[in-house]
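Remarks on the structure that follows.
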Amino acid sequence: MIKFKLGELLAKNGFRQDEVSKATGISKNTLSNIVNNKTTGIQNENLQRLALFLNVEIKDLFDFYPVIYSLESENVQIKKIDRENLKLGSKIFYNSEKFITGISLTLTGESLTSRKFELSITTVSNVFLPSTIAPNATHIVWIDSFQMDKNGLPYVNVPETDNNLGHFLNNIPHQFMNDVKNDFRSFLRNEILGKKSLLWEELLGEYNTENEVLCLLGGVDASKQFIL
């Protein structure tokens with residue numbers, strides 16, 4: 001994961017993008033894309049020019065976290081669970097026996113070693129959440145890891161290992177969290193609301209695109225919430 005810090009460095013030093021463009025010869029459009037992290041790469045010469053202009057080392061131009069991640073969907077479906085047999089973690093309060101499954105997160109780290117774990121989506125009762133957590137939310141959903149039990153149903157109380165969503169999120173530097181939430185938001189809109197809207201409606205019940213849905217990503221921590 002790479003996040004370019006050019007915008008932060010320009011603001012810190014009081015430079016405007018047009019000034020940098022004129023001094024370095026880098027186009028305004030290219031600078032804007034770098035500042036807004038909308039580029040997949042920068043030419044070596046441009047990196048050198050920016051580092052020389054700002055009097056910093058090249059490594060100071062970006063933050064790096066040694067993990068690549070990807071979200072995937074396959075055989076997305078609704079799973080129904082008998083509440084009497086559902087094992088819940090102490091911090092998770094579900095008000096639904098329905099889960100959307102078929103979503104996975106793959107992490108690739110050192111030596112390009114990858115691990116993959118399954119995610120589930122279910123609704124959460126706001127009775128168990130602070131009133132300030134979602135004052136305008138019509139629906140609240142919880143996105144978290146799960147394991148399959150012997151009957152092929154999701155068991156959501158995944159132990160605290162390095163193979164679950166919570167561990168991944170807890171170790172991400174704070175400057176990357178908004179990017180992760182934006183990726184989850186885009187994925188849900190494209191792969192679930194866009195392609196599996198009937199499943200989404202079945203999970204939430206009465207729902208239309210004007211409803212505000214609060215997504216809790218692996219916990220109720222405010223830094224891990226986003227509106228869908």
Side-chain angles (χ1 to χ4, degrees), residues 1-72 105-115 119 130 132-137 143-145 162 164-191 212-228:
M1 300 168 65
I2 294 177
K3 187 177 183 68
F4 294 106
K5 298 169 58 177
L6 183 58
E8 174 186 334
L9 292 171
L10 295 186
K12 180 180 179 180
N13 290 281
F15 293 123
R16 300 192 311 270
Q17 289 185 38
D18 59 341
E19 293 176 323
V20 180
S21 177
K22 184 177 181 179
T24 62
I26 302 172
S27 73
K28 294 180 182 179
N29 184 60
T30 297
L31 282 174
S32 178
N33 286 336
I34 297 172
V35 167
N36 294 293
N37 277 275
K38 294 183 177 180
T39 180
T40 57
I42 306 178
Q43 294 180 358
N44 288 340
E45 183 176 347
N46 286 343
L47 280 174
Q48 296 177 68
R49 287 178 177 275
L50 289 170
L52 289 171
F53 176 78
L54 292 167
N55 194 28
V56 298
E57 295 185 29
I58 288 179
K59 65 180 180 63
D60 297 325
L61 294 173
F62 52 85
D63 289 317
F64 173 65
Y65 181 60
V67 169
I68 300 171
Y69 68 90
S70 62
L71 287 161
E72 302 169 358
L105 178 66
T106 298
L107 306 180
T108 302
E110 295 180 359
S111 301
L112 293 181
T113 301
S114 295
R115 60 187 188 275
L119 303 178
T132 55
I133 198 171
N136 300 314
I143 305 167
D144 214 335
S145 310
D162 63 354
N164 64 47
L165 182 63
H167 186 274
F168 169 59
L169 295 174
N170 289 338
N171 284 278
I172 291 178
H174 68 89
Q175 60 266 41
F176 290 101
M177 185 58 70
N178 282 338
D179 299 296
V180 171
K181 291 191 293 186
N182 286 336
D183 287 339
F184 268 85
R185 181 187 293 110
S186 296
F187 178 84
L188 291 176
R189 286 176 175 171
N190 294 330
E191 297 298 321
E212 184 174 281
V213 179
L214 177 71
C215 297
L216 307 179
L217 193 57
V220 297
D221 188 330
S223 68
K224 302 170 185 175
Q225 302 169 15
F226 61 89
I227 297 296
L228 191 60

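Numbering of residues begins at 1 and proceeds along the displayed sequence. Computed over heavy atoms, backbone and side chain alike; hydrogens, waters and symmetry mates excluded.
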Which atom pairs, donor and acceptor, lie under 3.5 Å between side-chain atoms of residues 55-66 and protein residues at least two apart or in another chain?
residue, atom, partner, partner atom, Å
D60, OD2, E57, N, 3.2
D63, OD2, Q175, NE2, 3.4
Y65, OH, N171, O, 3.3

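Under the side chain to side chain contact (heavy atoms under 4.5 Å, CB included) criterion, S21 pairs with K28, L31, not counting sequence neighbours. Here R189 pairs with R185, L228 under the side chain to side chain contact (heavy atoms under 4.5 Å, CB included) rule; sequence neighbours left out. Applying the side-chain hydrogen bond (donor to acceptor under 3.5 Å, both in side chains) rule to Y69 yields the partners D183; only residues at least two apart in sequence or on another chain are considered. Here S114 pairs with T108 under the side-chain hydrogen bond (donor to acceptor under 3.5 Å, both in side chains) rule; sequence neighbours left out. Under the rule for a side-chain hydrogen bond (donor to acceptor under 3.5 Å, both in side chains), N33 has no partner lying at least two apart in sequence or in another chain. The side-chain hydrogen bond (donor to acceptor under 3.5 Å, both in side chains) search around D179 returns K3, not counting sequence neighbours. Residues passing the salt bridge (Lys or Arg N to Asp or Glu O under 4.0 Å) test with E72, sequence neighbours excluded: K116. Partners of F53 by ring-ring contact (aromatic ring centres under 6.0 Å, His included), not counting sequence neighbours, listed by chain and number: F15. With sequence neighbours excluded, the residues that form a side chain to side chain contact (heavy atoms under 4.5 Å, CB included) with N178 are K181.
Considering CD1 of I34 and CG of L50, their distance stands at 5.5 Å, rounded to 0.5 Å. Remark: L105 CG to F187 CZ distance equals 9.5 Å, nearest 0.5 Å. One distance of note links CD1 of I26 with CG of N46; it measures 4.0 Å at 0.5 Å rounding. Once rounded to the nearest 0.5 Å, the distance linking CG of L54 with CG of N13 reads 6.0 Å. Note that CG of N164 and CG of D144 are 7.5 Å apart. Values are rounded to the nearest 0.5 Å. The structure places OG1 of T113 at 11.5 Å from CG of L107, a figure rounded to the nearest 0.5 Å.
Proximity of L71 to L119: side-chain heavy atoms (C-beta onward) are separated by under 4.5 Å at one or more points. In this structure the side chain of I227 reaches within 4.5 angstrom of the side chain of L214, judged on heavy atoms. Q17 places a side-chain heavy atom less than 4.5 Å from the side chain of S32. T30 is not listed as a side-chain neighbour of Q43, based on a closest heavy-atom distance of 4.5 Å or more. Using a 4.5 Å heavy-atom cutoff, the side chains of I172 and V67 are not in contact.
Within 6.0 Å of CG on N44 lie no more than 12 heavy atoms contributed by other residues, nucleotides or ligands.
Contact detail for I42 and F4: the closest heavy-atom pair is CD1-CE2, 3.3 Å.
Listed by first and then second residue, the salt bridge (charged side-chain N to carboxylate O under 4.0 Å, His left out) pairs that reach into residues 30-47 are E45-R49, sequence neighbours excluded. Among pairs with a residue in residues 17-48, none fulfils ring pair (Phe, Tyr, Trp, His ring centres under 6.0 Å), at least two apart in sequence or across chains.
A donor-acceptor contact shorter than 3.5 Å is absent between the side chain of E8 and the backbone of K5. In terms of modelled atom types and a separation under 3.5 Å, the side chain of S145 and the main chain of L165 share a donor-acceptor contact.
Of the N and O atoms on the side chains of S27 and N29, not one donor lies less than 3.5 Å from an acceptor on the other residue.
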### Task
Could you go through the side chain to side chain contact (heavy atoms under 4.5 Å, CB included) check for L52 and T24 one step at a time?
CA-CA 9 Å; L52 289 171; T24 62; over 6 Å; no

